[in-house]
Trainee: 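Take a look at this one; I'll ask things after.
So you know, we letter chains A, B, ... as the sequences are listed, proteins then strands, and number each from 1.
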Amino acid sequence: MAAHNVFSVMLDRVRNASDALVAAGVLPAGIDLSRVTVEPPRDPTHGDMATNVAMVLAKEAGKKPRVLAEAYAERLRADELIAKVDVAGPGFINLTLKPSAWLGALRSAVQHGSDFGKNDLGRSATVNVEYVSANPTGPMHVGHGRGAVFGDALANLLEFAGFKVTREYYVNDAGAQVDVLARSAYLRYREALGEDIGAIPEGLYPGEYLRPVGSILATEFGDALTKMREDQWLPIVRDEAIKQMMATVRDDLASLNIAHEVFFSERSLIYGNVDQVAATIEWLRMRGHVYEGRLPPPRGALPEDWEDREQTLFRSTAFGDDVDRPLKKSDGSYTYFASDIAYHRSKLEHGFHTLIDIWGADHGGYIKRMQAAVAALSDGKAELDVKLVQLVKLLRGGEPVKMSKRAGEFVTLREVVDEVGRDAVRFMMLFRKNDAPLDFDLAKVIEQSRDNPVFYVQYAHARGHSVFRNAREAFSDLPSDVKGWLEAANTELLSDPAELALMRQIALYPRVIEGAAVAHEPHRIAFYLFDLASEFHALWTQGTASPHLRFIIQNDRELTLARLVLVQGVVAVLAAGLAILGVGAPDEMR
RNA sequence: GCGCCCGUAGCUCAGCUGGAUAGAGCGCUGCCCUCCGAAGGCAGAGGUCAGGGGUUCGAAUCCCUUCGGGCGCGCCA
């Protein structure tokens, strides 16, 4: 395992100390250590790490926190990685580590490169991450892009944390919207045959992106479709339109380097050999989770066409939802929810026990019922986590970019990617918590300044490589590869406080990965990388005022070599983190 | 009316699932290039963490409540 997480190493030391104290009769046997943490203190003057162990265990041990802390301190002082132990405040134990601890992390980062920080949190458990799932009725817009990038980065992250991840896309090709798509495409088809179709009627998709579909249909069928009744041509046109739209979607995703392993068709659930939706409802009914009944009317203003009637309901209240949910519309067709249940059942049948769905924020009200359904389907054995992705507000130089979806002229994801590049889009989408709204400024993300975090982080990586280039010029006899540096370097020469600070930051990385993976929050990596880049730029600039801190020291090959290892540590972590985010790490940015 | 998300510096946002004196960037003030990339860095000013209660050794973080914003509340997906 390439983790080398200094914090978990120290946590183990604390646990060992606990065992010793139990053996010595200071602590009662079987004491609960689950709340014990070792973490970096907010205030660096408190040392490198702090543990709450004495405060957490004080009550159970029947001792004062500070007294207990002293007992721990005595044991920890003997540890070969620890330089100093202080008991502070209400009972914190502050640890200052020896430089060798940080050097260990640095060497590990250099040695493992892009594998540094990997862990086995997942223990090869399978996870299904479903994301994007945009309707196949048009090109993707920027909001879809955020869910796409988020889902993809999360999938990468979970893989890095030892899960076996399946990336899945749910194709909504069975609802009324694909019939609308078919009718819209049919108009474009007639247009392609030379007919004047006039304005696109209300209720159809007016976008020009359907013109190519019309052309394809015209080429393939000539005017044959015009001689058919709607119920005859509609399935033909619909299937072709969906095929074309999905090709567009895949293209758009590819522009962001996103590729799903599974595209699951909603249509296949209903129109396959077996009606899976009906089967699922039946399955639930047999277990008492589905019944015929009435629903209380919604509070407040009633919908115009509200009528009280008996209907098929899923007993989601038995699983924590607020009301039971209808599975059939008044015309007898399934609700979206019904096919969604069947879809999630199919995921379970494919062996997944951990499901993650990425949805737009407007679907927030849907979470409880879907989790209820998964609980009912799996007997509480499977878990569904739904991550909501908030809206993206597109700006240019601080001014909102106008888009009118009604006229069919919205800013597409593709346009944005083409304008500012994949890296900028991906990084910016991840430089925010998923459930916080995001302002995306097209002017700012291509700026080359600290304002622009994408640039700032990539620049740090490029700067690192610039050091390597210059070093090779200064010393023609450097080992050819990083491994050689590591073998040849005397890293103990790295003893300046600024260098140690940078090593501490590097050592933090495995911990950040772990936290991000547990919380399903890839944005933490983006913020961490920004901090790491900042530390690196700071050390760099110190070299102008204090030449002895420069990475390359002309007449000191040994020191230079040690510092190259340090820079390589930064570069390796930057590249590794960016790789998880799916962002490039350029060697040069001139 | 109910549910979910949110409210942190003038602005845009972090805050490591409960830790010590709450942090960045922008903007403002003042500095640092005989330069390994100044496309950078350093320092300063700026906060009742929306308000009020509670839980405990300890709360921006958890619970309750009020206010304020966003989203959703059969037959749209």
Trainee: Does the ring of A:F314 carry A:R369 above it, NZ/CZ under 6.0 angstrom from centre and within 45° of its axis?
Mentor: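 No, A:R369 does not lie over the aromatic ring of A:F314.
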Trainee: Mind checking the C1' distance from B:A14 to B:C6? Whole angstroms is fine.
Mentor: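 Between the two C1' atoms, the distance is 15 Å.
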Trainee: Closest-nucleotide mapping onto RNA chain B: is A:M55 or A:S534 further toward the 5' terminus? I mean the 5' end.
Mentor: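 Looking at the nearest nucleotide for each, A:M55 comes out on the 5' side.
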Trainee: Do the two ring centres, one from A:Y170 and one from A:Y343, sit under 6.0 Å apart?
Mentor: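 Ring centres of A:Y343 and A:Y170 closer than 6.0 Å.
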Trainee: Verify the contact: side-chain N or O of A:K59 to OP1 or OP2 of B:C57, cut-off strictly under 4.0 Å; return yes or no.
Mentor: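 True: A:K59 side-chain N/O within range (under 4.0 Å) of B:C57 OP1/OP2.
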Trainee: Looking at B:U34, which nucleotide sits across from it as a Watson-Crick or G-U wobble partner, both distances under 3.5 angstrom, or is there none?
Mentor: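 With both distances under 3.5 Å required, B:U34 matches none.
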Trainee: Grab the CG-P distance between A:D451 and B:C13 for me, whole Å please.
Mentor: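 In whole Å, B:C13 P lies 15 Å from A:D451 CG.
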Trainee: In Watson-Crick or G-U wobble terms, both distances under 3.5 Å, what is the partner of B:U21?
Mentor: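 Its partner: none found.
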Trainee: With a 3.5 angstrom cut-off on both distances, give the Watson-Crick or G-U wobble partner of B:U61, or none if there isn't one.
Mentor: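 Across all strands, not a single nucleotide pairs with B:U61.
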Trainee: Is there aromatic stacking of A:W540 on B:G41 here, judged by a ring-centre distance under 5.5 Å and a plane angle under 30°?
Mentor: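 Taking the rule of under 5.5 Å and under 30°, the ring of A:W540 does not stack on B:G41.
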Trainee: Could you give the distance separating B:G15 and B:U8 at their P atoms, to the nearest angstrom?
Mentor: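 Result for the P pair: 14 Å, nearest Å.
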Trainee: Can you tell me the base-pairing partner of B:U56? Count Watson-Crick or G-U wobble geometry only, both distances below 3.5 Å, and say none if there is no partner.
Mentor: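 Partner of B:U56: none found under 3.5 Å.
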Trainee: With the threshold set at 4.0 Å, does a side-chain nitrogen-carboxylate oxygen contact exist between A:D357 and A:K387?
Mentor: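 Looking at A:K387 together with A:D357, the answer is no, because their closest N to O distance does not fall below 4.0 Å.
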Trainee: If you look at every strand shown and take non-hydrogen atoms under 4.0 Å, does A:Y528 touch a base, only sugar-phosphate, or nothing?
Mentor: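 It contacts nothing in the nucleic acid.
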Trainee: Rounded to whole angstrom, note down the P distance from B:C75 over to B:U56.
Mentor: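 Straight-line distance between the two P atoms is 45 Å.
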Trainee: With a distance cut-off below 6.0 Å to the six-membered ring centre and an angular limit of 45° from the axis, does A:R563 pair with A:F551 as a cation-pi contact?
Mentor: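 Verdict for A:F551: no cation-pi partner in A:R563.
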Trainee: Where does B:U17 land, syn or anti, once you apply the within-90°-of-0 test for syn?
Mentor: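 This nucleotide is in syn.
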Trainee: Any donor-acceptor pair under 3.5 Å joining the side chain of A:R469 to the base of B:C36?
Mentor: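 Answer no: no donor N or O sits under 3.5 Å from an acceptor.
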Trainee: Please report the distance separating the P of B:G54 from the corresponding atom of B:A45, rounded so that it comes out in whole Å.
Mentor: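 It comes out at 34 Å once rounded to the nearest Å.
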Trainee: Expressed in whole Å, how much space separates the P atoms belonging to B:U21 and B:G37?
Mentor: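 So the two P atoms sit 43 Å from each other.
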Trainee: Using the closest heavy atom to pick a nucleotide of RNA chain B for each, name whichever of A:G175 or A:P296 lands nearer the 5' end.
Mentor: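 Mapping each residue to its closest nucleotide by heavy atoms, the 5'-most match is A:P296.
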Trainee: How far, in whole Å, is B:G1 from B:G53 if one measures between their P atoms?
Mentor: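 The same atom, P, in both gives a distance of 26 Å.
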Trainee: Taking atom C1' in both B:A43 and B:A50, what distance in whole Å separates the two?
Mentor: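 Straight-line distance between the two C1' atoms is 32 Å.
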Trainee: Classify the side chain of A:N94 and the base of B:A20 as holding, or not holding, a donor-acceptor pair under 3.5 Å.
Mentor: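 Under the 3.5 Å cut-off, the side chain and the base do form a donor-acceptor pair.
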Trainee: Take atom C1' in B:G47 and the same atom in B:A22, then report the distance between them in whole Å.
Mentor: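 Here B:G47 and B:A22 have their C1' atoms 8 Å from each other.
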Trainee: Taking the ring of A:Y509 and the ring of A:Y528, is the distance between their centroids below 6.0 Å?
Mentor: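 Yes, the ring centres sit under 6.0 Å apart.
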Trainee: Which one is paired to B:A9, where only Watson-Crick or G-U wobble pairs with both distances under 3.5 angstrom count?
Mentor: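 Pairing partner, where one exists within any strand: none, as none qualifies.
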Trainee: For B:G72, which nucleotide is its Watson-Crick or G-U wobble mate, given both distances must be under 3.5 Å?
Mentor: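 The answer is B:C2, by the H-bond criterion.
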Trainee: Using modelled atom types and a 3.5 Å cut-off, is there a donor and acceptor pairing between side-chain atoms of A:N172 and backbone atoms of A:N135?
Mentor: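 No; judged by distance alone, with no hydrogens or angles, the pair does not exist.
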Trainee: OP1, OP2 of B:C13 versus side-chain N and O of A:K433: anything below 4.0 Å?
Mentor: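 Answer no for this pair, as no side-chain N or O of A:K433 is under 4.0 Å from OP1 or OP2.
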